[in-house]
Structure formats: C-alpha cells, structure tokens
Amino acid sequence: MSLVKKLASAAIVVFLVAGSAMAQSVGVGATIGVVDDITDHFHLDEFKPKDVNLWVDYELEPKMLVRATFGTLKVHGANAGLEVTPSGSSTPVTLPGLTDHVDYATVGVSYLFWEGDYTSGIFGGFGGYKIRPDSVDPSIASYSDKSETVFGWHGGAEGSFQIVSRLSLIIRLTFHNLRTSPVRSLLTANAGLGYRF
C-alpha cells in the first residue's frame with residue numbers, strides 16, 4: 001500500500017471514530033487542476049494537467065482550519081526536452097517528454113477571511129512527496145528522475161464561493177517546494193468542491 005493510501009486511510013478512520021464530536025467542524029472536498037514546474041522559470045502556457053487531490057479539514061477556531069490533503073501530480077521530468085549525447089553514441093538526441101508522477105500527503109493550516117458568500121484565505125504546511133518516474137527506453141534511462149520519497153513544504157492562497165448552505169466552489173493556487181536534489185518547485189492551480197458537515 002502506498003504512503004498516500006496509508007495516510008488517507010488513517011485520516012478517514014480518525015474522522016469516522018471522532019464523528020459526532022466533530023460535527024459542524026469538519027469539511028471534505030476534492031479539486032482537479034493544472035501544474036507547472038517553476039524551478040527555473042515561469043510561463044503561463046506551460047501549465048499542463050494534472051493535479052488531483054482530496055482533503056479533509058477540521059476547524060480549530062472560527063476561520064482557522066487544519067487540513068490533510070492527499071493527491072497526485074503529473075509533471076515533466078527534470079531533463080525533459082534537453083539535448084544530450086547518450087553513452088555509446090556520438091549523435092546528440094533531444095530527450096522526449098520524460099514524465100513523473102508525484103503522490104503527496106500534506107498537513108497544513110489555513111487562515112480564512114469571511115466576506116459574505118465569498119471566503120478567501122492563505123495556507124501553508126509540510127508533507128511527503130513520492131516521485132515515480134514513468135519508464136523510458138533503456139538508452140536514456142540514466143536521464144530519468146530517480147524514484148524517491150522526499151520531504152517538502154507548501155503554501156498558497158484560496159477562495160471559496162458558497163453554492164448552497166454547506167457546499168462551496170473552491171479555487172486554490174498552491175506552491176510546492178520538493179526537497180529533491182536539486183530542489184524542485186511546482187505551482188498548481190485547482191478548482192473543485194468542498195462540503196462542510
């Protein structure tokens with residue numbers, strides 16, 4: 001069982017066991033979005049699918065939430081598109097679109113500012129990121145990212161628009177800093193739904 005699945009299962013059990021004590025203080029939701037590797041540069045046209053995540057949060061105080069998020073990203077590999085000369089060859093080649101899947105589980109705190117039917121906020125926290133590169137041709141395998149689990153932190157801004165009494169449209173912009181070697185910086189833009197019990 002992957003790290004993300006273990007953490008998601010543990011969070012679900014904790015919230016189910018605590019059930020009634022948390023009534024009116026628990027929220028759940030899901031978002032989908034696009035992601036861009038902004039380690040070296042930022043271009044709007046380089047946002048590509050995908051980021052998919054689920055979260056559960058608990059209201060510690062009015063408008064202060066602790067949130068556990070479980071998700072998966074698909075990003076370009078660090079060497080995607082570079083021109084290299086593979087060993088045993090004298091002809092340079094351009095590496096194909098190497099891709100990585102990044103599973104993550106994060107915990108953070110969100111501070112919300114209520115403005116009627118609209119709520120905005122800022123958030124930040126830390127978590128674990130499991131990098132799983134897609135398989136590639138053996139001749140260029142040495143240019144693929146390595147499979148590893150690393151620590152990271154995240155921060156961002158969010159907004160929610162109330163649709164009905166407990167259901168809201170959620171929009172989030174999140175910066176992820178993965179402590180790989182070298183460090184990678186990812187930016188995600190997501191939209192989804194959140195429900196408060």
Side-chain angles (χ1 to χ4, degrees), residues 2-4 7-8 27-57 64-82 94-113 115 118-134 136 143-161 168-194:
S2 72
L3 171 67
V4 171
L7 290 173
V28 296
T31 67
I32 59 171
V34 293
V35 61
D36 186 16
D37 187 333
I38 60 168
T39 303
D40 298 319
H41 62 276
F42 171 78
H43 293 291
L44 280 176
D45 61 343
E46 293 185 4
F47 277 93
K48 302 290 182 205
K50 75 176 183 180
D51 176 24
V52 178
N53 64 60
L54 305 169
W55 81 86
V56 60
D57 63 37
M64 180 180 168
L65 310 172
V66 62
R67 180 183 300 129
T69 305
F70 311 95
T72 185
L73 302 161
K74 183 176 180 181
V75 297
H76 289 296
N79 293 324
L82 292 180
T94 301
L95 293 173
L98 304 173
T99 54
D100 297 336
H101 290 271
V102 181
D103 298 327
Y104 62 93
T106 62
V107 175
V109 175
S110 182
Y111 297 94
L112 304 178
F113 310 99
E115 300 162 14
Y118 172 73
T119 302
S120 60
I122 57 173
F123 58 89
F126 59 91
Y129 297 81
K130 182 171 181 61
I131 300 166
R132 298 179 294 114
D134 288 342
V136 297
Y143 298 103
S144 181
D145 293 333
K146 64 181 179 178
S147 181
E148 61 181 331
T149 301
V150 297
F151 177 79
W153 61 268
H154 71 281
E158 62 187 323
S160 66
F161 302 88
S168 297
L169 170 68
I170 308 290
I171 297 172
R172 286 200 182 112
L173 187 65
T174 309
F175 174 81
H176 295 271
N177 183 271
L178 283 61
R179 308 308 293 174
T180 55
S181 182
V183 171
R184 291 186 75 180
S185 299
L186 306 175
L187 186 64
T188 62
N190 294 63
L193 296 174

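Everything numeric in this text was worked out from a predicted model, so none of it was measured. For the numbers below, each heavy atom of this structure counts, side chains included, while hydrogens, waters and symmetry mates do not.
For Asp36 (side chain) and Leu187 (main-chain N/O), no donor-acceptor pair under 3.5 Å exists by modelled atom type.
The number of heavy-atom neighbours closer than 6.0 Å to NE2 of His76, taken from other residues, nucleotides and ligands shown, is 12 or below. Surrounding CG of Leu173 are more than 12 heavy atoms belonging to other residues, nucleotides or ligands, all under 6.0 Å away.
Side-chain polar atoms of Tyr129 and His176 form a donor-acceptor pair below 3.5 angstrom.
Listed here is the closest heavy atom pair of Ser120 and Glu115: OG-OE2, 3.4 Å. Closest heavy-atom contact between Tyr104 and Thr72: CE2-N, 3.7 Å. Residues Phe42 and Ile38 come closest through the heavy atom pair CD1-CG2, 3.6 Å. Heavy-atom minimum distance, Val136 versus Ser144: CG2-CB, 4.2 Å. In plain terms, the two heavy atoms of Leu54 and Ala30 that are nearest each other are CD2-CB, 3.5 Å.
For Thr99, the side chain to side chain donor-acceptor pair (under 3.5 Å) partners are Asp134, not counting sequence neighbours. Tyr111 pairs by the side-chain contact (heavy atoms from CB on, under 4.5 Å) definition with Met64, Val109, Ile122, not counting sequence neighbours. Taking the side chain to side chain donor-acceptor pair (under 3.5 Å) definition, one finds that Asp37 meets it with Thr39, Arg184, sequence neighbours left out. For Ser160, there are no side chain to side chain donor-acceptor pair (under 3.5 Å) partners, not counting sequence neighbours. Listed by chain and number, the residues in a ring pair (Phe, Tyr, Trp, His ring centres under 6.0 Å) with Phe175 are Trp153 (sequence neighbours excluded). Not counting sequence neighbours, the partners of Phe161 by the ring pair (Phe, Tyr, Trp, His ring centres under 6.0 Å) test are Tyr118.
One distance of note links CG of Leu193 with CD1 of Ile32; it measures 9.5 Å at 0.5 Å rounding. Atoms CG and CG, on Leu186 and Asp51 in that order, are 9.5 Å from each other to the nearest 0.5 Å.
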Going through the distances and angles, do Glu158 and Leu112 end up as a side chain to side chain contact (heavy atoms under 4.5 Å, CB included)?
-> CA-CA 9 Å; Glu158 62 187 323; Leu112 304 178; 3.6 Å; yes
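Trp55 is not listed as a side-chain neighbour of Leu65, based on a closest heavy-atom distance of 4.5 Å or more. Ile131 places a side-chain heavy atom less than 4.5 Å from the side chain of Leu178. Contact of the Phe123 side chain with the Thr174 side chain is registered, since non-hydrogen atoms from C-beta on lie closer than 4.5 Å.
Each of Asp145, Asp100, Asp103 was evaluated against Arg132; a single residue qualifies, Asp103, per the side-chain hydrogen bond (donor to acceptor under 3.5 Å, both in side chains) test.
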